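Because the structure is a prediction, the values reported are computed rather than measured.
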Amino acid sequence: MAILFCNFIKPLPLLLLLSFTDLFASTLSLGIGINYGQIANNLPTPSRVSFLLRSLNVTRVKLYDADPNVLTAFANTNVEFVIGLGNEYLQRMSDPQQAQAWIQQHVQPYHTQTRITCITVGNEVLTGTDTQLKSYLLPAMQGVYRALVNLGLSNEIYVAHPHSAGILANSFPPSSGSFRQDLSEYIHGMLNFHVQTKSPFLINFYPFFAYKDNPNEVPLDYVLFQPNQGTTDPITNLKYDNMLYAQIDAVYSAIKAMGHTDIPVKVSETGWPSKGDPNEFGATPVNAALYNGNLFQRMQQNQGTPAKPSEPIDVYVFALFNENLKPGPASERNYGLYYPNGTPVYNIGLRGFLPRMDYSAAKKNAFSFSALLLLMMIFLIHF
């Protein structure tokens, strides 16, 4: 399916627009979440991004902060938000008053119109070198959760922490998955927290890193969801045809090894860069398109992993845009599905539209979002 994309539209009679309503009613959701990073100086306004994501039928977005401009731009939509509370807040969040003040400032004013379903407290803290920060993590999560309880929001918003895959000591075979011994004291308490609050365990997985580090040993087809011989877990005899599913099941095994079987695992980040430094093997548009395109197809099928076949995988893809100010190797700035001007980085069959004008919750335009979508589609069909 070719990408349909346009940066401008021509006015057409409203009656003609409305006749196409059924065409859009049948459009399916992507069935996947998107990470909306903003470490860049050339991104479109949040209201334009809101239009783009809704034209893609993306219904779940993950932020790395609680940007009020973004939350306002998505008011009165069906988009669910994960918002982030940075590592710099962790020490303060163990104080009940400060935790509650943060919720009252960053959540309550927007939650009535923009659906917030999760607050991530910190990011990849346990694989860092700051021991003190690690000790702040669980108390911060508990502080934020208590504040949600006090404000009557704990049934609507859960609290979690996105972990790096580096917390695993062993990931193959998946049935032998285990957490690093030096992190067990922190993870043990966090797992108890997830059980008590009925919240999921979040982890960031990038099969790209495994291939980049060992391109001669890791089969490219295996990490890209392409047809391949796969691998078999010698203990369970379960067969895996891709690395991501094997990594997810390894986390389930690691959690089970710590005495828990009722904590769901969600992938808070995964993706593939379209460009990298010379030593970043595999960072190409072709591979990025294969990874994300094949992943999207599998998510549409509501697949589970071999060890959890009845539990559909929950994934947030990284990322919506290339971010030109991200530090580190070139790959860090090239994970986006889109360039900041709204042009797709590669073709995976997404239908999306980034308007030139700034449509702010229909306040600046007499047409509704549905009418604008119809207008765009008619232009693409006729021109």
Side-chain angles (χ1 to χ4, degrees), residues 30-35 60 62 124 127 160 162-179 200-215 217-233 236 238-256 263-274 276 280-284 286-319 331 335-337 346 348:
L30 276 180
I32 205 163
I34 298 288
N35 281 276
R60 297 182 298 140
K62 178 170 166 282
E124 298 189 346
T127 47
H163 296 278
S164 161
I167 63 172
L168 291 171
N170 185 47
S171 61
F172 194 85
S175 59
S176 297
S178 61
F179 294 120
F201 188 91
L202 305 185
I203 191 158
N204 302 333
F205 276 136
Y206 288 91
F208 163 72
F209 293 138
Y211 178 77
K212 175 182 72 72
D213 293 339
N214 296 285
E217 298 179 17
V218 177
L220 184 59
D221 287 341
Y222 180 66
V223 293
L224 294 179
F225 302 95
Q226 290 288 88
N228 66 94
Q229 293 182 347
T231 59
T232 300
D233 187 316
T236 63
L238 293 173
K239 185 172 181 179
Y240 292 84
D241 67 355
N242 70 85
M243 180 176 286
L244 180 66
Y245 287 17
Q247 290 176 320
I248 294 170
D249 278 350
V251 175
Y252 275 116
S253 295
I255 292 174
K256 185 177 181 179
I263 301 174
V265 174
K266 296 179 184 289
V267 180
S268 41
E269 287 182 21
T270 192
W272 197 283
S274 59
E280 294 188 286
F281 302 105
T284 68
V286 171
N287 290 341
L290 286 171
Y291 184 84
N292 286 322
N294 288 334
L295 177 61
F296 284 6
Q297 289 182 11
R298 288 178 179 243
M299 295 304 98
Q300 290 280 10
Q301 299 167 15
N302 289 322
Q303 285 190 350
T305 65
K308 299 278 186 177
S310 62
E311 297 182 19
I313 297 167
D314 195 342
V315 168
Y316 282 81
V317 167
F318 186 87
S331 61
Y335 274 92
L337 298 175
Y346 40 79
I348 54 174

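- For V315 against I313, the heavy-atom pair with the smallest separation is CG2-CG2, 3.4 Å.
- With hydrogens and angles disregarded, a donor-acceptor distance shorter than 3.5 Å links the side chain of W272 to the backbone of G282.
- Within the model, atoms CD1 of I248 and OG of S253 stand 12.0 Å from one another, a figure rounded to the nearest 0.5 Å.
- For the pair A283 and G276, the tightest heavy-atom approach, listed with the atom from each and the gap, is CB-N, 3.7 Å.
- Among N287, N292, T284, the single residue meeting the side-chain hydrogen bond (donor to acceptor under 3.5 Å, both in side chains) criterion with Y346 is N292.
- Each salt bridge (charged side-chain N to carboxylate O under 4.0 Å, His left out) pair with one or both residues in residues 288-301, not counting sequence neighbours, appears once here: D241-R298.
- Note that the CD atom of E124 and the CD1 atom of I203 stand 9.0 Å from one another [nearest 0.5 Å].
- Between the side chains of S268 and N204, at least one donor N or O sits under 3.5 Å from an acceptor N or O.
- Contact check for N35 versus Y335: no side-chain heavy atoms found under the 4.5 Å cut-off.
- The main-chain N or O of N228 is never found under 3.5 Å from a side-chain atom of Y222 such that the two would form a donor-acceptor pair.
- Distance CD1/I34 to NZ/K62: 11.5 Å, rounded to 0.5 Å.
- Annotation: K308, atom NZ; neighbour count of heavy atoms from other residues, nucleotides and ligands within 6.0 Å is above 12.
- For the pair E280 (side chain) and S331 (backbone), a donor-acceptor distance under 3.5 Å is present.
- Remark: A307 engages L238, Y240, D249, T305 in a side-chain contact (heavy atoms from CB on, under 4.5 Å) (not counting sequence neighbours).
- Residues T270 and P207 form a side-chain contact, since some pair of their non-hydrogen atoms from C-beta on lies under 4.5 Å apart.
- Of the candidates D314, V317, N294, I32, M299 forms a side chain to side chain contact (heavy atoms under 4.5 Å, CB included) with just one, namely I32.
- In plain terms, the two heavy atoms of P200 and A160 that are nearest each other are O-CB, 3.8 Å.
- Judged as a side-chain contact (heavy atoms from CB on, under 4.5 Å), and not counting sequence neighbours, the contacts of A250 are S171.
- Within the model, atoms NE2 of H163 and CD of E269 stand 13.0 Å from one another, a figure rounded to the nearest 0.5 Å.
- The two residues A288 and P273 make their nearest non-hydrogen contact at CB-O, 3.8 Å.
- Residue-environment remark: CD (Q229) stays at or below the threshold of 12 foreign heavy atoms within 6.0 Å.
- Of the inter-residue distances, the one linking L244 atom CG with L295 atom CG reads 6.5 Å to the nearest 0.5 angstrom.
- For Y252 against V265, the heavy-atom pair with the smallest separation is OH-N, 3.1 Å.
- The heavy-atom pair separating P309 from P306 by the smallest distance is CD-O, 3.5 Å.
- Ring planes of F225 and Y291: tilted class, angle from 30 to 60°.
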Using the rule given for side-chain contact (heavy atoms from CB on, under 4.5 Å), can you reason through F205 versus L168, listing the C-alpha separation, both sets of side-chain angles and the distance that settles it, and then say yes or no? CA-CA 11 Å; F205 276 136; L168 291 171; 4.1 Å; yes
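- By the 30° and 60° cut-offs, the orientation of the rings of F201 relative to F179 is tilted.
- For F208 and F318, the gap between ring centers reaches or exceeds 6.0 Å.
- In this structure, CZ in F209 is found 12.5 Å from CE in M243, a value given to the nearest 0.5 Å.
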